[in-house]
Number of protein chains: 2
Amino acid sequence: MNFLLGGLDGLDQASKAELMADLMRISQRKNFAKHELLHQEGKVCKQLFYVESGLVRAFYYRDGEEITAHFAPEHTMLTAIDSVIQNKASRYSLEVLEDSSILSISYPDLKEILLQKPQYEKVLRMYLERIYIDLAERIEDVLFHTAKERYAKLMKDRPSLLQRVQLKHIASYLGITQETLSRIRANS
Amino acid sequence: MNFLLGGLDGLDQASKAELMADLMRISQRKNFAKHELLHQEGKVCKQLFYVESGLVRAFYYRDGEEITAHFAPEHTMLTAIDSVIQNKASRYSLEVLEDSSILSISYPDLKEILLQKPQYEKVLRMYLERIYIDLAERIEDVLFHTAKERYAKLMKDRPSLLQRVQLKHIASYLGITQETLSRIRANS
DNA sequence: CAATCGAATTGACATTTGTCAAAAAGCAAA
DNA sequence: TTTGCTTTTTGACAAATGTCAATTCGATTG
């Protein structure tokens with residue numbers, strides 16, 4: 001569970017322990033089977049999810065096609081970020097790709113805690129900073145690298161993903177068609 | 001100056017006024033001429049910039065070419081976000097495109113204030129949430145719209161930009177060559 | 001006005017990626 | 001093992017975008 005705070009150098013040990021206890025108090029562990037949805041698009045998402053084991057993807061629809069926006073393997077978090085931030089219906093669904101053990105953290109409860117203990121804002125802020133940098137990198141990737149280069153980078157950075165995920169999801173994540181991905185794989 | 005807090009419904013009036021006063025205390029107004037740099041890549045950036053009037057762009061280098069990542073017109077903020085967040089040398093430069101009046105806010109001073117008044121973390125967090133959503137939209141744009149569609153959207157959302165900025169900057173912002181942009185403009 | 005310089009456009013062609021249809025491969029149930 | 005279904009690959013062609021070189025346009029300056 002400590003992974004939840006990965007990279008949060010900002011808090012001292014006591015605060016970390018306290019936060020951990022607080023988080024455990026407002027979260028729930030549950031197993032999900034392959035193909036189940038943690039969250040469905042169109043609904044307001046009120047939870048953050050921590051993947052203890054397994055694999056989850058976030059996807060949305062564009063012209064009737066599923067577009068995968070994010071993969072969350074074990075020891076990482078995800079949520080329908082648009083919904084949680086803006087408290088509105090989400091464009092994203094969260095689909096379990098492998099049988100998974102998931103911790104659900106109630107966001108209303110978390111906000112309650114944030115109000116009581118404003119020092120936790122820092123945790124959220126630092127989390128946002130991290131995912132912002134990730135996103136900025138991804139834009140650069142997409143704008144200035146060919147599909148082939150993007151695939152090579154994914155292979156290098158997250159090789160296990162390719163073993164675990166259908167190629168159509170990889171393709172939509174990379175912003176290309178499945179056929180193009182197949183051809184890239186063929187001659188390399 | 002109130003624009004700095006645009007969209008920050010999270011703070012009550014008293015806190016806003018207090019924050020405003022604090023910000024004014026740690027910021028500095030200065031005029032910059034066209035072509036001047038607010039910040040140069042390779043250096044650590046320790047400031048946030050508020051554009052009172054004028055226009056600034058953030059750009060970085062890719063294969064020796066300048067890539068414009070962001071335009072900041074009057075009443076918006078920008079900074080070398082990678083540097084400020086990670087306290088390391090920035091990949092970005094910030095170039096003034098029109099004579100501008102700029103408020104520079106010291107980030108170390110701001111952090112000092114955040115330590116003293118942790119309720120301000122919320123301000124930063126909400127700012128990050130906003131720019132995160134913007135970035136996520138931009139990824140979607142880039143992945144699933146043609147150059148033509150991206151240009152049309154920019155025309156619709158920020159028409160004045162096209163009057164004020166060289167087309168080569170618009171092109172790199174859209175992730176296309178200047179020639180392609182020129183052709184898009186020709187037949188539309 | 002002529003000369004000049006940078007910005008923008010145009011032309012010709014190459015490369016990348018998409019689209020649609022069909023075939024092959026993989027996998028699970030009967 | 002056979003059957004049926006899904007995933008992946010392949011083929012043929014079209015559309016989008018890039019590259020490089022040349023030209024035009026516009027503003028500035030002598």
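So that the names make sense, note that chain A is the first sequence line, chain B the second, and so on, each numbered from 1.
Cation-pi contact between R138(B) and Y173(B): present, with separation from the ring centre below 6.0 Å and deviation from the ring axis of at most 45°.
Looking at heavy atoms from C-beta onward, D157(B) lies out of side-chain contact with L154(B) at the 4.5 angstrom threshold. In this structure, L167(A) and S182(A) have side chains that are not in contact, with every pair of non-hydrogen atoms separated by 4.5 Å or more.
Atoms NZ (K34(A)) and C1' (dC27(C)) sit 11 Å apart, rounded to a whole Å. Atom pair E65(B):CD and dC20(D):P shows a separation of 10 Å (rounding to whole Å applied). Computed from coordinates, the I184(A) CD1 to dG18(C) C1' distance equals 12 Å when rounded to whole Å. Distance NE2 (H145(B)) to C1' (dA16(D)): 15 Å, rounded to an integer number of Å. For the pair L181(B) CG and dT19(D) P, the interatomic distance rounds to 15 Å; values are reported in whole Å. We find that NE2 of H35(A) is positioned 13 Å from C1' of dC5(D), with the value rounded to whole Å.
Residue S90(B) is tested with V44(B), I81(B), D82(B) for a side-chain contact (heavy atoms from CB on, under 4.5 Å); the sole match is D82(B). The side-chain contact (heavy atoms from CB on, under 4.5 Å) with L97(A) is formed by just one residue from the set K34(A), E36(A), H169(A); it is H169(A).
Between the CZ atom in R57(A) and the CG atom in L161(A) there is a gap of 12.0 Å [rounded to 0.5 Å]. Atoms NE2 and CG, from H70(B) and L78(B) in turn, are 5.5 Å apart once rounded to the nearest 0.5 Å.
Without hydrogens or angle criteria, S93(B) side chain to E41(B) main chain gives a donor-acceptor distance under 3.5 Å.
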Taking only N/O atoms, report every protein-nucleotides 24-27 of chain D pair under 3.5 Å with atom names and distance.
none

Please write out the pairs of protein N or O atoms and N or O atoms of nucleotides 14-16 of chain C separated by less than 3.5 Å, giving the distance to one decimal.
none

| message | Is there a side-chain hydrogen bond (donor to acceptor under 3.5 Å, both in side chains) between R91(B) and Y61(B)? Walk through the geometry before answering. | response | CA-CA 8 Å; R91(B) 296 192 51 200; Y61(B) 289 93; over 6 Å; no
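Considering every non-hydrogen atom in both R164(B) and E74(B), the closest pair reads NH2-OE1, 2.9 Å.
Distances shown here put a side-chain N or O of R185(B) below 4.0 Å from the OP1 or OP2 atom of dT9(C).
The base of dG11(D) sits with one of its N or O atoms less than 3.5 Å from a complementary donor or acceptor on the side chain of R183(A).
If you check residues 165-180 of chain B against DNA chain C, the residues with a heavy atom closer than 4.0 Å are Q166(B), L167(B), K168(B), Q178(B), E179(B), listed by number.
Aromatic pair Y132(A)/Y132(B): centroids not less than 6.0 angstrom apart.
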